[in-house]
K.L.:
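Take this structure first; my questions come after.
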Protein chains: 2
Amino acid sequence: MDGRAHAGGPGLRGRFRAQVRDEIKQVALRQLADGGPQALSLNAVAKVLGVSGPALYRYFANRDALLTDLVVDAYRDLAAACEAATAGAWKDPADRLRALAKAYRAWALEEPHRYRLLFRAPLYGYDAHSEPLVQASQIAMNVAVEVLEGIAAEGPVAGGELEAPLAEWAAGRGMPGAAAVIAVRATTLWARLHGLVSLEIEGNFASMGLDPTPLYEGEITNLLTTPPA
Amino acid sequence: MDGRAHAGGPGLRGRFRAQVRDEIKQVALRQLADGGPQALSLNAVAKVLGVSGPALYRYFANRDALLTDLVVDAYRDLAAACEAATAGAWKDPADRLRALAKAYRAWALEEPHRYRLLFRAPLYGYDAHSEPLVQASQIAMNVAVEVLEGIAAEGPVAGGELEAPLAEWAAGRGMPGAAAVIAVRATTLWARLHGLVSLEIEGNFASMGLDPTPLYEGEITNLLTTPPA
DNA sequence: CGTACTAGTTATAACTTCTAACATACGCAT
DNA sequence: ATGCGTATGTTAGAAGTTATAACTAGTACG
């Protein structure tokens with residue numbers, strides 16, 4: 001309880017700590033890229049970094065903590081990529097939605113191991129969505145919501161059974177203005193994109209010898225012409 | 001190279017072998033149910049079965065071989081459940097499609113660990129879809145194709161860019177009659193179901209506090225009213 | 001009835017995660 | 001400038017994993 005600065009603070013030591021954490025995650029990502037989550041070994045990471053085994057436990061409580069951190073980072077990265085692709089001014093909001101879908105797919109294809117990480121129950125023993133993970137996943141949803149809001153604010157105001165819980169959810173996220181319709185469309189969009197991307201990166205389309213690009217276009221067009229709600 | 005019967009044949013020894021393999025898989029599934037693929041340990045399985053460690057290697061080449069077997073079984077089970085739910089005579093083929101979606105979702109919710117197994121790259125080092133796995137996954141597709149064939153044989157004959165490869169794929173599967181439209185709809189159906197189911201079993205909907213049932217209904221209805229192609 | 005093959009055993013190597021006990025070195029406040 | 005205290009790294013080791021090797025016992029089949 002003395003006035004000394006601890007490692008969590010912004011002191012020199014804290015900065016070094018953050019830097020090492022990043023280095024560890026970088027190496028871990030490389031190991032994860034070839035071999036999947038199974039192949040991520042703290043020991044191997046330590047060896048690459050030139051330190052010996054248990055040193056890493058000063059930076060991450062355990063292997064799962066490192067994985068969870070990677071998941072959160074991945075959610076942020078995906079959301080950032082989608083935001084970047086949809087930023088700026090757009091004549092046709094429909095084009096903006098298409099750009100969002102394209103960016104989502106592109107990110108997943110570029111780093112399939114990280115995308116896979118997102119949807120694997122992060123800690124099989126724990127609650128599937130512990131707090132930080134829920135928050136991280138919502139970042140991605142926010143982008144979808146924002147893009148869809150620009151498309152059809154004039155859409156049907158919805159009277160479906162989903163309205164109540166979705167309106168509540170929207171309110172809880174600080175966007176009480178967002179109608180339930182938007183939320184329905186956002187989740188539908190997310191589910192469609194995830195379905196296609198997931199099948200694509202697992203090779204299910206490739207094994208059938210077909211390029212799924214038209215399927216993506218079809219789903220987006222469908223969402224634009226006959227939106228749910 | 002003598003005339004003796006080997007363990008693979010239908011002899012007494014072969015039957016015993018098959019039975020033990022099944023027992024192993026059963027115990028493995030139980031371990032997999034709580035703890036995920038990470039928690040599946042051959043040693044632990046052996047201990048449960050009352051045999052000691054390396055004995056299991058007489059029945060499965062390695063841990064991944066066992067996992068692959070479980071994946072194939074899961075594909076067959078899922079397909080069987082969908083077939084059973086759509087068997088018999090149906091007045092309205094649309095209802096049959098709804099029954100298919102319901103069965104697909106129900107199976108996944110009943111055994112999320114097995115569903116997760118399906119879409120996890122089975123052997124990270126190998127080709128994502130080695131031959132037996134591709135075959136197994138096609139079983140599930142066949143059900144979707146068959147159901148969709150009954151719905152709108154009169155649908156638009158499709159002139160999209162997907163027609164050529166899909167027709168080829170259909171022909172290669174011994175259903176040259178199936179138009180490319182059907183294949184497009186089948187893959188779209190599969191992707192939509194998988195997207196929703198995947199988000200549901202990972203808790204993404206639950207974390208938002210909403211029941212995705214209407215989303216399923218919406219997607220199926222949409223597929224019926226404005227089918228892709 | 002004997003042979004050849006199978007199914008089990010133990011021992012062992014090379015890994016893994018993670019804890020404990022200990023040494024060092026460095027930043028911070030005095 | 002100097003020393004305290006913390007953070008960081010080290011080695012040792014426990015308990016677990018996959019997987020191989022060498023060996024033993026049993027049994028189905030010709």
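Since we're looking at a predicted model, the values are computed, not measured. Every chain is numbered from 1, with letters handed out A, B, ... down the list of sequences.
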K.L.:
Any side-chain N or O of A:R17 below 4.0 angstrom from OP1/OP2 of D:dT8?
P.N.:
yes
K.L.:
C:dC22, D:dA19, C:dT19: which one has an atom nearest the side-chain heavy atoms of A:Y57?
P.N.:
C:dT19
K.L.:
Between A:P54 and A:K47, name the one whose nearest nucleotide on DNA chain C is closer to the 5' end.
P.N.:
A:K47
K.L.:
Can you tell me if A:Y59 touches the phosphate of D:dG9, counting only side-chain N or O atoms and a distance under 4.0 Å to OP1 or OP2?
P.N.:
yes
K.L.:
Under a 3.5 Å distance rule, please check whether A:S198 uses its side chain to pair with a backbone N or O of A:G195 as donor and acceptor.
P.N.:
no
K.L.:
Take the protein atom CD of B:Q31 and the nucleotide atom C1' of D:dT17, then report the distance between them rounded to whole Å.
P.N.:
13 Å
K.L.:
Does D:dG9 have OP1 or OP2 under 4.0 Å away from a side-chain N or O of A:S52?
P.N.:
no
K.L.:
What is the distance, rounded to the nearest whole Å, between atom CG of A:L40 and atom P of C:dT17?
P.N.:
8 Å
K.L.:
Return the value, rounded to whole Å, for the distance between atom CG of A:L56 and atom P of C:dC18.
P.N.:
11 Å
K.L.:
Counting just side-chain N and O atoms, does A:N62 come under 4.0 Å of either OP1 or OP2 of C:dT17?
P.N.:
no
K.L.:
What is the distance, to the nearest angstrom, from the CG atom on A:D64 to the P atom on C:dT17?
P.N.:
11 Å
K.L.:
Any side-chain to backbone donor/acceptor pair from A:R114 onto A:L78? Under 3.5 Å, distance only.
P.N.:
no
K.L.:
Both A:R63 and B:V20 contact DNA chain C. Taking the nearest nucleotide for each, which residue is further toward the 5' end?
P.N.:
B:V20
K.L.:
Nearest whole angstrom, please: distance from the P of D:dA19 to the CD of A:Q38.
P.N.:
11 Å
K.L.:
Measuring to OP1 and OP2 of C:dC15, would you say a side-chain N or O of A:S41 lies under 4.0 angstrom away?
P.N.:
no
K.L.:
Would you confirm whether B:R185, through its side chain, and B:P228, through its main-chain N or O, come within 3.5 Å as a donor-acceptor pair?
P.N.:
yes
K.L.:
Which whole-number value in Å describes the distance from A:R58 CZ to C:dA20 P?
P.N.:
12 Å
K.L.:
Test salt bridge (charged side-chain N to carboxylate O under 4.0 Å, His left out) on A:E202 and A:R116 and set out the steps.
P.N.:
CA-CA 9 Å; A:E202 300 311 339; A:R116 236 166 289 180; 3.6 Å; yes
K.L.:
May I have the distance from B:L66 (atom CG) to D:dA19 (atom P), rounded to whole angstrom?
P.N.:
10 Å
K.L.:
For A:Q19 and D:dA7, what is the distance between atoms CD and C1' respectively, to the nearest whole Å?
P.N.:
16 Å
K.L.:
Can you tell me which nucleotide in C:dT16, D:dG9, D:dT17 comes closest to the side chain of B:N43?
P.N.:
D:dT17
K.L.:
Report the distance from atom CG of B:L56 to atom CZ of B:R21, rounding to the nearest 0.5 Å.
P.N.:
11.5 Å
